[in-house]
Amino acid sequence: MSADDSGAQRPDWGWAAPGRVNLMGEHTDYNDGWVLPFAIDRRTKAALRVRDDHQVLMWSAQSDDPGTAVVTTTDTRPGEVTGWASYVAGVVWALRQDGHQLPGLQLWVDSDVPLGAGLSSSASLECAVAAAINDRLELGLDPDRIAALARTAENDYAGAPTGVMDQVASMRGRAGQALLLDTRTMALEHEPCDLAAAGLVLLVIDTRAAHRLADGGGYAAVRAQCERAADLLGADALRDVSLADLDRLPDLADDGATLMRRARHVVTDNARVHEAVAQLRAGAWSDLGRAFTASHTSLSDDFAISCEELDVAVDSAVAAGALGARMTGGGFGGSAIALVRFVDVDAVGDACRSAFADAGWREPAVFAVEPGPGAGPL
Ligand code: GLA
């Protein structure tokens with residue numbers, strides 16, 4: 001190790017990739033369905049230096065460990081590193097799997113996306129690192145290919161069996177716009193989402209209830225149940241299933257729900273994505289708010305992936321005047337989003353904080369987000 005291996009001599013931050021919120025279509029992406037996320041104005045920054053060997057040294061400003069994680073570009077394997085470093089090393093591994101010969105690298109990352117809050121801190125980390133390597137080494141990958149490789153890193157190296165929504169949102173976000181993504185065809189349309197012009201704010205209520213995709217079995221289990229429901233109906237995916245088809249599902253119980261109710265959530269949330277797009281285009285904000293709350297009820301009652309903290313955040317926000325609210329992202333904790341008029345922002349934040357205090361929970365973090373640009377150089 002040379003003195004330079006301490007990580008002290010970081011080059012300037014060169015690239016950044018955002019987290020996301022999802023407005024509608026939850027747990028629809030791995031069912032070949034539609035999603036409507038936007039990239040948020042919080043991001044992970046990356047800095048990179050090329051080495052003349054094959055070692056990959058990584059530093060995160062969010063890590064308590066002042067040292068570094070080390071792998072090699074030539075033979076790193078899933079499971080070699082864990083935690084934040086697995087998302088960074090996973091990108092290196094996915095690029096190798098894709099046939100790219102990489103030199104040794106030093107990678108530094110720093111993020112203001114809250115970690116483990118359901119706002120895609122991991123996708124923002126993967127995409128920032130992938131965009132940095134792609135640019136610096138002139139690999140010539142387009143943003144959609146980078147999103148796909150970042151997802152490979154997340155699924156096959158970090159071990160979280162997610163869909164592709166988060167990485168596409170992080171790569172393809174645009175200021176003032178949401179993204180309508182068809183996850184079967186990968187067709188993407190940018191939709192208008194100028195909240196400020198409508199006198200509105202999208203508030204995130206980070207419940208701080210732990211949310212984990214890689215080591216929590218919940219996400220993988222509900223995903224498997226969705227696939228089983230599609231199988232039983234003889235469909236390729238729940239995207240191809242209608243409400244009427246669900247009558248043919250046997251009334252099988254699974255954890256806290258039934259297969260029919262889990263499938264019903266996916267079918268109804270897919271439909272709500274199309275409704276939400278029409279509402280965005282028409283500026284029908286009250287309708288969109290009501291659709292948020294209907295989606296949350298479906299996620300909580302039918303899909304059974306909400307938790308007490310998320311339900312209290314949603315109920316408190318709506319009671320304090322939000323047009324609507326719902327959990328966003330993978331669930332089992334994490335964040336809710338609330339669509340709120342400017343004048344009601346303080347009341348909604350106060351209502352959530354005081355409901356959490358009454359329940360004896362940690363204070364939630366409440367902050368506004370806006371649709372921002374996708375990954376790129378700084
Ligand atoms: C996580 C996953 C996404 C998606 C959402 C739920 O964010 O990474 O692929 O499945 O959960 O909609």
Taking the side chain from [X] and the backbone from [Y], do they hold a donor-acceptor pair closer than 3.5 Å?
{"X": "Asp112", "Y": "Arg43", "value": "yes"}
{"X": "Ser170", "Y": "Pro18", "value": "yes"}
{"X": "Glu26", "Y": "Gly329", "value": "yes"}
{"X": "Ser120", "Y": "Asp166", "value": "no"}
{"X": "Asp110", "Y": "Ser60", "value": "no"}
{"X": "Ser316", "Y": "Val312", "value": "yes"}
{"X": "Arg261", "Y": "Phe303", "value": "no"}
{"X": "Thr73", "Y": "Leu102", "value": "yes"}

Practice problem: Only counting residues at least two apart or in another chain, list the ones meeting salt bridge (charged side-chain N to carboxylate O under 4.0 Å, His left out) with Asp344. | Solution: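 By the salt bridge (charged side-chain N to carboxylate O under 4.0 Å, His left out) rule, Asp344 matches Arg341.
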Quiz prompt | salt bridge (charged side-chain N to carboxylate O under 4.0 Å, His left out) against Asp182, all qualifying residues, sequence neighbours excluded | solution =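 So Asp182 forms a salt bridge (charged side-chain N to carboxylate O under 4.0 Å, His left out) with Arg239.
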Can you run down the salt bridge (Lys or Arg N to Asp or Glu O under 4.0 Å) pairs that involve [range], sequence neighbours left out, and say none if there aren't any?
{"range": "residues 27-41", "value": "Asp32-Arg184"}
{"range": "residues 69-92", "value": "none"}
{"range": "residues 269-284", "value": "Glu189-Arg281, Glu191-Arg281, Asp269-Arg272, Asp269-Arg326"}

Quiz item: Are Asp301 and Arg264 within salt-bridge range, i.e. N to O under 4.0 Å?
Solution: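 Result for this pair is no, no salt bridge flagged.
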Practice problem: Indicate yes or no: does Asp287 engage Arg290 in a salt bridge with an N to O separation below 4.0 Å. | Solution: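 The answer is yes: the pair qualifies as a salt bridge.
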Practice problem: For Ala278, enumerate each residue passing the side-chain contact (heavy atoms from CB on, under 4.5 Å) test, keeping only those at least two apart in sequence or located in another chain. | Solution: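 Not a single residue meets the side-chain contact (heavy atoms from CB on, under 4.5 Å) criterion with Ala278.
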Self-check item: Residues which pass side-chain contact (heavy atoms from CB on, under 4.5 Å) with Val113, listed by chain and number, not counting sequence neighbours
Solution: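 If we apply the side-chain contact (heavy atoms from CB on, under 4.5 Å) test to Val113, skipping adjacent residues, the hits are Arg42, Thr44, Ser111, Leu119, Ser121, Ser124.
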Exercise. Could you list all the side-chain hydrogen bond (donor to acceptor under 3.5 Å, both in side chains) pairs where at least one residue sits in residues 359-378, not counting sequence neighbours?
Key: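 Every candidate side-chain hydrogen bond (donor to acceptor under 3.5 Å, both in side chains) pair involving residues 359-378 fails, so no pair, neighbours aside, qualifies.
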Quiz item: According to the side-chain hydrogen bond (donor to acceptor under 3.5 Å, both in side chains) rule, which pairs have a member within residues 345-358, sequence neighbours left out?
Solution: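 Applying side-chain hydrogen bond (donor to acceptor under 3.5 Å, both in side chains) to every pair that reaches into residues 345-358, excluding sequence neighbours, yields Asp350-Arg353.
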Quiz prompt | Test log, rule side-chain hydrogen bond (donor to acceptor under 3.5 Å, both in side chains), inputs Ser122 and Glu154 | solution = CA-CA 8 Å; Ser122 59; Glu154 172 117 18; 3.2 Å; yes
Quiz prompt | Contact list for residues 174-204, test ring pair (Phe, Tyr, Trp, His ring centres under 6.0 Å), sequence neighbours left out | solution =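 Sorted pair list comes back empty.
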Quiz prompt | Selection residues 119-150 - residue pairs positive for ring pair (Phe, Tyr, Trp, His ring centres under 6.0 Å), sequence neighbours left out | solution =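 For residues 119-150, and leaving out neighbouring residues, there are no ring pair (Phe, Tyr, Trp, His ring centres under 6.0 Å) pairs at all.
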Practice problem: Start with the C-alpha distance between His296 and Asp311, add both sets of side-chain angles, then the distance that settles side-chain hydrogen bond (donor to acceptor under 3.5 Å, both in side chains), and finish with yes or no. | Solution: CA-CA 8 Å; His296 185 78; Asp311 291 346; 2.8 Å; yes
Quiz item: Who are the ring pair (Phe, Tyr, Trp, His ring centres under 6.0 Å) partners of His54, not counting sequence neighbours?
Solution: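 None.
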